[in-house]
Number of protein chains: 2
Amino acid sequence: MSFRALGRELGADPTAVYRHFRDRNELVEACLDRLLGQIAGSISTELPWRERLRATADTYFEVIVAHPVIGAEAGHRTTGGPGELAMLELLLVSLADAGLSRERVVRYYSLLAGYAASVAAAAAAYRLQDDRIQLPADRIWVGTQGLMDPVRYPTAFGLRDELAALRTDEVFLSGFELLLDTVETTAVRE
Amino acid sequence: MSFRALGRELGADPTAVYRHFRDRNELVEACLDRLLGQIAGSISTELPWRERLRATADTYFEVIVAHPVIGAEAGHRTTGGPGELAMLELLLVSLADAGLSRERVVRYYSLLAGYAASVAAAAAAYRLQDDRIQLPADRIWVGTQGLMDPVRYPTAFGLRDELAALRTDEVFLSGFELLLDTVETTAVRE
DNA sequence: ACCTGAACACCGTTCAAGT
DNA sequence: ACCTGAACACCGTTCAAGT
């Protein structure tokens, strides 16, 4: 994305955007906040807490990776807008519904949101990279060429097939599932 | 970081770097691989597996945030170099030492590495942002101005103090600790 | 073998001028 | 009120020319 490409696509002067947004930063944050609002709005509030959180993470990853220019910046941005707040409220309510204490709600919120936001953003940024990268975009970020050295890296060598089979979306989702396991275990203990 | 600033600082022509690295990408990856090697080399192999992994995550976060230009790109890059491979081997060996099965070693490796790499990179990118951001860099990424609306966001409103108190490094480390709890629980069960 | 410096094709952003 | 287009200060990168 560049302002010149944007102007070309919209049939307007590249600098016309400055009539509507102060700078690139504000534009990106407005787009991101809209995406967040769409995600939060698409999650049924009728779902049990665990399914609700899983659906949120699932949709979040899909949307972020489908909009890689915005998504790549989602991990380190605060929009402060209604979309972000709707997401925040959705996550907090779900964790409270799980039966967690006030303190635990905030702690697990920060873990789940930090995990999902950062890992999804990394997946989007990975996908954004030029084609010069050797691996397909859905493969995990570990280099495979060095895994052929059984002397220096015996354990990595022994697990090379399993490592090569890792895929970003599966890692994201199964990782989130593990976090939800922890939430559930803590909730039933309290 | 820019090639012109780099040349100025090194007292050479900005384009002299091209004698040593093909492009910016190769330079960044070489720097990152060196950082990874330093981190892996600084972890004592005598430590029990859990302390070893904690020390790795701790050092990793510190180093990545201390080198934000490189660190911000660490979440979505594969160096394929000896530093990355040393880190990979270190993590796999530690998880194997915990008593995990082959399959579980790879699964938990992808979770721990994905979590640490992505969240630390987001923290570095956050720190890299211009001073126009209202919040200090060690604060978490949730907007605070909108938390004052008890009607639309009652749960967020009720937890606003706890949310405002969140700090990136604490969230990172306590999140990693939770993941290690899961590893340990799984290991003793197997 | 390594460095230089002009040049190219891009960026985001500003600002006076248009309608 | 909104858009235009020239201009500014940057980028990464190439390449012929120097030592």
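All chains are named by letter (A, B, ...) in the order of the sequence lines, taking the proteins before the strands, and each is independently numbered beginning at 1.
- Atoms NE2 (A:His20) and P (D:dC2) sit 7 Å apart, rounded to a whole Å.
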Using nucleotides 5-7 of chain C, report all nitrogen or oxygen pairs with the protein that are shorter than 3.5 Å.
residue: C:dG5; atom: N7; partner: B:Asp13; partner atom: OD1; Å: 3.3
residue: C:dG5; atom: N7; partner: B:Asp13; partner atom: OD2; Å: 3.0
residue: C:dG5; atom: N7; partner: B:Thr15; partner atom: OG1; Å: 3.4
residue: C:dG5; atom: O6; partner: B:Thr15; partner atom: OG1; Å: 2.8

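- Comparing atom distances between the A:Arg24 side chain and each of D:dG12, C:dC3, C:dT13 picks out C:dT13 as nearest.
- Taking atom CD of A:Glu73 as the reference point, atom P of C:dG12 lies 11 Å away to the nearest angstrom.
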Name every donor-acceptor pair, under 3.5 Å, that has one atom in a side chain of residues 62-74 of chain B and the other anywhere in the protein, sequence neighbours excluded.
residue: B:His67; atom: ND1; partner: B:Val63; partner atom: O; Å: 3.0
residue: B:Glu73; atom: OE1; partner: B:Arg77; partner atom: NE; Å: 3.0
residue: B:Glu73; atom: OE1; partner: B:Arg77; partner atom: NH2; Å: 2.5
residue: B:Glu73; atom: OE2; partner: B:Arg24; partner atom: NH2; Å: 2.4

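- Residues passing the side chain to side chain contact (heavy atoms under 4.5 Å, CB included) test with A:Ala57 are A:Phe172, A:Phe176, sequence neighbours excluded.
- The shortest distance between side-chain heavy atoms of A:Tyr109 and B:Leu159 does not fall below 4.5 Å.
- If you measure from atom CG of A:Asn25 to atom C1' of C:dG12, you get 12 Å, rounded to the nearest angstrom.
- In this view, A:Arg22 and A:Glu26 satisfy the side chain to side chain contact (heavy atoms under 4.5 Å, CB included) rule, not counting sequence neighbours.
- Listed by first and then second residue, the ring pair (Phe, Tyr, Trp, His ring centres under 6.0 Å) pairs that reach into residues 11-31 of chain A are A:Phe3-A:Tyr18, sequence neighbours excluded.
- Computed from coordinates, the A:Phe3 CZ to C:dT13 C1' distance equals 8 Å when rounded to whole Å.
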What are the atom names and distances for every N/O pair under 3.5 Å that joins the protein to nucleotides 16-19 of chain D?
none

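- Within the structure, the ring pair (Phe, Tyr, Trp, His ring centres under 6.0 Å) test picks out no pair touching residues 24-57 of chain A (sequence neighbours left out).
- Straight-line distance from the CG atom of A:Leu6 to the C1' atom of C:dG12: 13 Å, rounded to whole Å.
- Residue pairs meeting the salt bridge (Lys or Arg N to Asp or Glu O under 4.0 Å) criterion with at least one partner in residues 32-42 of chain B, sequence neighbours excluded, do not occur; the list is empty.
- Annotation: side chain to side chain contact (heavy atoms under 4.5 Å, CB included) contacts of A:Asp181 (sequence neighbours excluded): A:Arg50, A:Leu178.
- The salt bridge (Lys or Arg N to Asp or Glu O under 4.0 Å) contacts involving residues 96-119 of chain A comprise A:Arg52-A:Asp97, A:Arg102-B:Glu162, A:Arg104-A:Glu190, where partners must be two or more places apart or lie in separate chains.
- Between A:Asp23 atom CG and C:dC11 atom P the separation is 17 Å, expressed in whole Å.
- Stem list for DNA chain D (at least 3 consecutive Watson-Crick or G-U pairs, distances under 3.5 Å): C:4-8 with D:12-16, C:12-16 with D:4-8.
- Taking atom CE of residue B:Met1 and atom P of nucleotide D:dG12, one finds them 7 Å apart after rounding to whole Å.
- In terms of the side chain to side chain contact (heavy atoms under 4.5 Å, CB included) criterion, residue partners of B:Thr56 (sequence neighbours excluded) are, by chain and number, B:Ile43, B:Met87, B:Leu90, B:Leu91.
- Remark: P of D:dT13 and CD of B:Glu26 are 10 Å apart, rounded to the nearest angstrom.
- Taking CD of B:Glu89 as the start and OG1 of A:Thr155 as the end, the distance is 4.0 Å to the nearest 0.5 Å.
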